[in-house]
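In what follows, chains carry the letters A, B, and so on, assigned in the order in which the sequence lines appear, proteins first and then strands, with residues in each chain numbered from 1. Bear in mind that the values here come from a model prediction, so they are computed numbers and not experimental data.
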Amino acid sequence: MSTIVWNREGVVEDDRWASNGEESAFVSVDEAMELAATGGSDIGVLVEPADDVSRLEAILDRLAIVALDFPAFNDGRAFSQATLLRDRLGYEGEIRAVGAVLLDQVPFMLRVGIDSVETGHEPTARRLTEMRLPGIDLYYQPSAKPAEPTNTYSWRRRAAG
Amino acid sequence: MYRYDEFDRDFVSARVAQFRDQVERRLTGEISEDAFKPLRLMNGVYLQLHAYMLRVAIPYGTLSSRQMKMLAHVARKYDRGYGHFTTRQNIQYNWPKLADIPDILEDLASVEMHAIQTSGNCIRNVTADHFAGAAADEVADPRPYAEILRQWSSLHPEFSFLPRKFKIAVTAAENDRAAIQVHDIGLQLKRNEEGEIGFAVHIGGGQGRTPMIAKKIKDFLPEAHLLSYITAIMRVYNLHGRRDNKYKARIKILVHETGTEELAAQIEAEWAHLRESELRLPDADIARITEYFAAPELAVRAEGWTELAAWKKSDPGFASWVARNVRPHRHPDYGMVTISLKPIGGIPGDASADQMEAIADLAEQYSSDEIRVTHEQNLVLPHVALADLEPLYRALQAEGLATANSGLVTDIIACPGLDYCALANARSIPVAQEISERFGDQARQEEIGDLKIKISGCINACGHHHVGHIGILGVEKKGAELYQITLGGSADENTSIGEIVGRGFEPEKVTDAIETIVSTYLSGRSGTDEAFIDYYRRVGAAPFKEALYGDKAEAA
């Protein structure tokens with residue numbers, strides 16, 4: 001199995017932002033700022049872990065998608081970047097995780113406001129295709145993705161629906 | 001004690017099922033050891049020298065009898081009949097089979113226990129003063145706040161892949177028994193002039209290869225802001241902590257390289273966005289959690305005073321044990337009893353399944369069903385009537401648990417070292433055992449007085465050698481073990497990092513060197529009321545260097 005793009009609805013076929021061999025449809029944050037400054041829109045930006053996402057605040061309405069890079073499974077900066085994009089900047093467009101995306105992180109990614117993932121990890125792709133996620137539907141903390149309060153303590157949530 | 005509600009029970013069961021699925025995927029080869037590693041670590045499973053090791057969380061070191069009995073059951077059924085209590089108030093099992101671990105976790109879940117976040121680059125088990133809720137000198141019980149932090153940090157989606165592990169400790173007394181200044185975040189619970197509860201917040205303490213004392217970044221954080229402010233710290237650390245070098249990835253390095261003032265300002269700026277968010281703690285929630293930790297009903301037992309005096313007079317061994325291992329409780333008819341897991345010549349922190357069961361029964365009978373684990377690898381019965389001390393002592397004696405050495409030279413902290421640990425460069429346990437044997441005579445130990453020896457088998461410092469009055473660090477030099485000695489460390493409210501006294505010692509010479517250090521102190525101290533650490537702070541390293549190395553001291 002090759003690389004797939006997946007969201008809560010299932011595998012996304014023919015996604016325009018899917019990585020396609022060498023070619024990347026995404027531009028860097030610097031390039032996105034330049035494109036926006038010259039009237040560009042419908043931009044797909046790739047945010048690296050060291051990038052400051054607040055730079056995107058002024059051009060949010062020009063973005064079609066924000067890709068957050070996970071260069072390795074243990075680099076968790078993008079979890080904070082996604083949280084800031086949603087909670088602080090109020091970005092409502094698509095956020096996608098790309099890079100070293102592994103199955104057991106996907107539930108965390110969804111909770112911080114990431115909508116879709118791209119992964120080439122075969123066992124991960126298979127489980128996602130089967131819609132078998134390993135997450136727990138009870139949360140001990142609020143996060144960017146809205147969830148239902150419980151009738152216990154203020155910090156607890158449960159998955160909506 | 002905190003009791004699970006339905007939410008907690010469902011969460012922990014779901015977590016066991018989740019881990020069972022992960023283990024199955026590993027056993028069938030669907031995921032590689034590399035990919036499995038971060039998953040098993042988030043559930044306390046390490047791959048050690050000889051076997052997998054499972055570390056079970058004991059939140060803020062508080063256990064009920066029922067829980068202790070389950071720890072005994074796990075030791076007997078899945079391990080070799082013992083467990084090892086750690087410096088983070090947890091317990092480790094050294095010989096479980098990977099395939100059994102989901103069943104172990106299920107057994108633990110039946111008594112409201114788990115192994116979540118006892119390792120990995122996430123927020124670890126929150127530790128607290130082992131005398132919490134019993135000590136006369138505390139402002140309020142720190143454990144409700146530790147419990148709130150435990151819950152909030154469990155499988156936190158934003159903070160599960162931090163640059164490095166993250167440790168939080170809470171104390172509520174001026175006399176810091178939780179070593180908060182050597183933690184990533186150290187919280188000191190206090191009251192302001194209006195009588196409201198809040199915390200002094202320290203960040204960036206730690207041991208390892210770059211020991212650092214925490215810096216205070218907030219003098220009074222109102223309790224309602226506990227989660228919002230800690231979220232701000234965690235977010236700044238997650239985004240900006242170094243990830244290029246695991247030895248420079250702890251928050252202490254970020255504090256050091258950014259500067260305390262600048263980093264505090266960044267945290268403050270982040271907090272400004274969060275302080276009135278949904279993370280603000282309602283008073284009612286704090287109150288509900290606090291109710292779980294209400295002090296047990298302790299009956300008046302005034303007869304204990306006269307009985308105790310008579311027992312002490314008739315049995316000097318009992319008198320020594322009371323003098324060393326019993327501390328005043330806030331109720332005058334009660335005491336807080338330390339059960340030493342440091343028998344002379346034994347392995348620090350180990351307890352057999354039989355001992356655990358005996359302790360569980362004694363806690364039920366004499367200590368309102370409560371047991372604590374200390375970061376010094378001992379256990380505590382926090383609520384014992386003075387009138388019950390004598391029968392308790394007899395029962396502990398029968399189990400080999402009545403060693404009267406709390407705080408003395410043989411009350412040694414030691415990491416597992418090269419006997420178990422994949423990271424170690426040198427053995428720790430045999431060094432501790434030999435020192436313990438050498439100084440085992442009770443009268444001699446008492447003559448020496450308060451003296452904390454702490455031993456680590458490598459620079460990661462799990463044995464806390466940096467903060468030992470005498471610290472011993474095992475290193476490897478040209479294929480052989482060598483032990484460096486540091487002096488003057490301390491982990492209390494006057495935290496200090498020990499200084500290396502000179503060149504290292506071969507394994508067979510370490511105990512002699514400790515003997516020389518102790519003799520130097522005994523002959524130099526102003527009197528028995530000048531403890532080792534006070535003497536060292538008065539005179540410095542010079543007399544010790546002279547005694548250890550003579551004329552060659554300068555060359556070292």
For this session: Select one option (side chain, backbone, both, neither) describing which atoms of A/Leu110 are under 4.5 Å from chain B's heavy atoms.
Result: neither
Exercise. Side-chain contact, heavy-atom cut-off 4.5 Å: A/Ile59 with A/Met33?
Worked result: yes
For this session: Sort B/Leu239 into side chain, backbone, both or neither according to what part of it lies under 4.5 angstrom from a heavy atom of chain A.
Result: both
Exercise. Is there side-chain contact between A/Val47 and A/Leu56, with at least one heavy-atom pair below 4.5 Å?
Worked result: yes
For this session: Check the pair A/Glu118 / A/Ser19 against side-chain hydrogen bond (donor to acceptor under 3.5 Å, both in side chains), numbers first and verdict last.
Result: CA-CA 8 Å; A/Glu118 181 181 281; A/Ser19 63; 2.8 Å; yes
Return one line per donor-acceptor pair between chain A and chain B under 3.5 Å, naming both atoms and the distance rounded to 0.1 Å.
{"residue": "A/Asn74", "atom": "O", "partner": "B/Arg243", "partner atom": "NH1", "Å": "3.2"}
{"residue": "A/Gly76", "atom": "N", "partner": "B/Phe161", "partner atom": "O", "Å": "3.3"}
{"residue": "A/Gly76", "atom": "O", "partner": "B/Asn238", "partner atom": "ND2", "Å": "3.1"}
{"residue": "A/Ser80", "atom": "OG", "partner": "B/Glu158", "partner atom": "OE2", "Å": "2.6"}
{"residue": "A/Ser80", "atom": "OG", "partner": "B/Asn238", "partner atom": "ND2", "Å": "2.8"}
{"residue": "A/Arg88", "atom": "NH1", "partner": "B/Glu270", "partner atom": "OE1", "Å": "3.3"}
{"residue": "A/Arg88", "atom": "NH1", "partner": "B/Glu270", "partner atom": "OE2", "Å": "3.3"}
{"residue": "A/Arg88", "atom": "NH2", "partner": "B/Glu270", "partner atom": "OE2", "Å": "2.7"}
{"residue": "A/Asp104", "atom": "OD1", "partner": "B/Gln22", "partner atom": "NE2", "Å": "2.9"}
{"residue": "A/Asp104", "atom": "OD1", "partner": "B/Arg25", "partner atom": "NH2", "Å": "3.1"}
{"residue": "A/Asp104", "atom": "OD2", "partner": "B/Arg25", "partner atom": "NH1", "Å": "3.2"}
{"residue": "A/Asp104", "atom": "OD2", "partner": "B/Arg25", "partner atom": "NH2", "Å": "3.4"}
{"residue": "A/Arg126", "atom": "NH2", "partner": "B/Glu30", "partner atom": "OE1", "Å": "3.4"}
{"residue": "A/Arg127", "atom": "NH1", "partner": "B/Asp21", "partner atom": "OD1", "Å": "3.2"}
{"residue": "A/Arg127", "atom": "NH2", "partner": "B/Asp21", "partner atom": "OD2", "Å": "3.2"}
{"residue": "A/Pro134", "atom": "O", "partner": "B/Gln18", "partner atom": "NE2", "Å": "2.6"}
{"residue": "A/Tyr140", "atom": "OH", "partner": "B/Asp8", "partner atom": "OD1", "Å": "2.4"}
{"residue": "A/Gln141", "atom": "NE2", "partner": "B/Trp152", "partner atom": "O", "Å": "2.7"}
{"residue": "A/Gln141", "atom": "NE2", "partner": "B/Ser154", "partner atom": "O", "Å": "3.1"}
{"residue": "A/Thr152", "atom": "O", "partner": "B/Arg288", "partner atom": "NH1", "Å": "3.0"}
{"residue": "A/Ser154", "atom": "N", "partner": "B/Asp285", "partner atom": "OD2", "Å": "2.5"}
{"residue": "A/Ser154", "atom": "OG", "partner": "B/Asp285", "partner atom": "OD2", "Å": "3.0"}
{"residue": "A/Trp155", "atom": "NE1", "partner": "B/Gln151", "partner atom": "OE1", "Å": "3.0"}
{"residue": "A/Arg156", "atom": "NE", "partner": "B/Gln151", "partner atom": "OE1", "Å": "3.2"}
{"residue": "A/Arg156", "atom": "NH1", "partner": "B/Asp5", "partner atom": "OD1", "Å": "3.2"}
{"residue": "A/Arg156", "atom": "NH1", "partner": "B/Asp5", "partner atom": "OD2", "Å": "2.8"}
{"residue": "A/Arg156", "atom": "NH2", "partner": "B/Tyr2", "partner atom": "OH", "Å": "3.1"}
{"residue": "A/Arg156", "atom": "NH2", "partner": "B/Asp8", "partner atom": "OD1", "Å": "3.2"}
{"residue": "A/Arg156", "atom": "NH2", "partner": "B/Asp8", "partner atom": "OD2", "Å": "3.3"}
{"residue": "A/Arg156", "atom": "NH2", "partner": "B/Gln151", "partner atom": "OE1", "Å": "3.0"}
{"residue": "A/Arg157", "atom": "NH2", "partner": "B/Glu278", "partner atom": "OE1", "Å": "2.9"}

Problem set entry | Check: A/Arg96 and A/Ile65 side chains under 4.5 Å, non-hydrogen atoms | yes
For this session: Examine whether an atom of B/Leu155 lies under 4.5 Å from a heavy atom of chain A, and if so say whether it belongs to the side chain, the backbone or both; otherwise answer neither.
Result: both
For this session: Report yes if the side chains of A/Trp6 and A/Val12 come closer than 4.5 Å at any heavy-atom pair, otherwise no.
Result: no
Problem set entry | ring pair (Phe, Tyr, Trp, His ring centres under 6.0 Å) between A/Phe108 and B/Phe159, worked out | CA-CA 10 Å; A/Phe108 287 156; B/Phe159 305 131; over 10 Å; no
Exercise. Nearest heavy-atom pair of A/Val5 and A/Ala18: which atoms, and what distance?
Worked result: CG2-CB, 3.8 Å
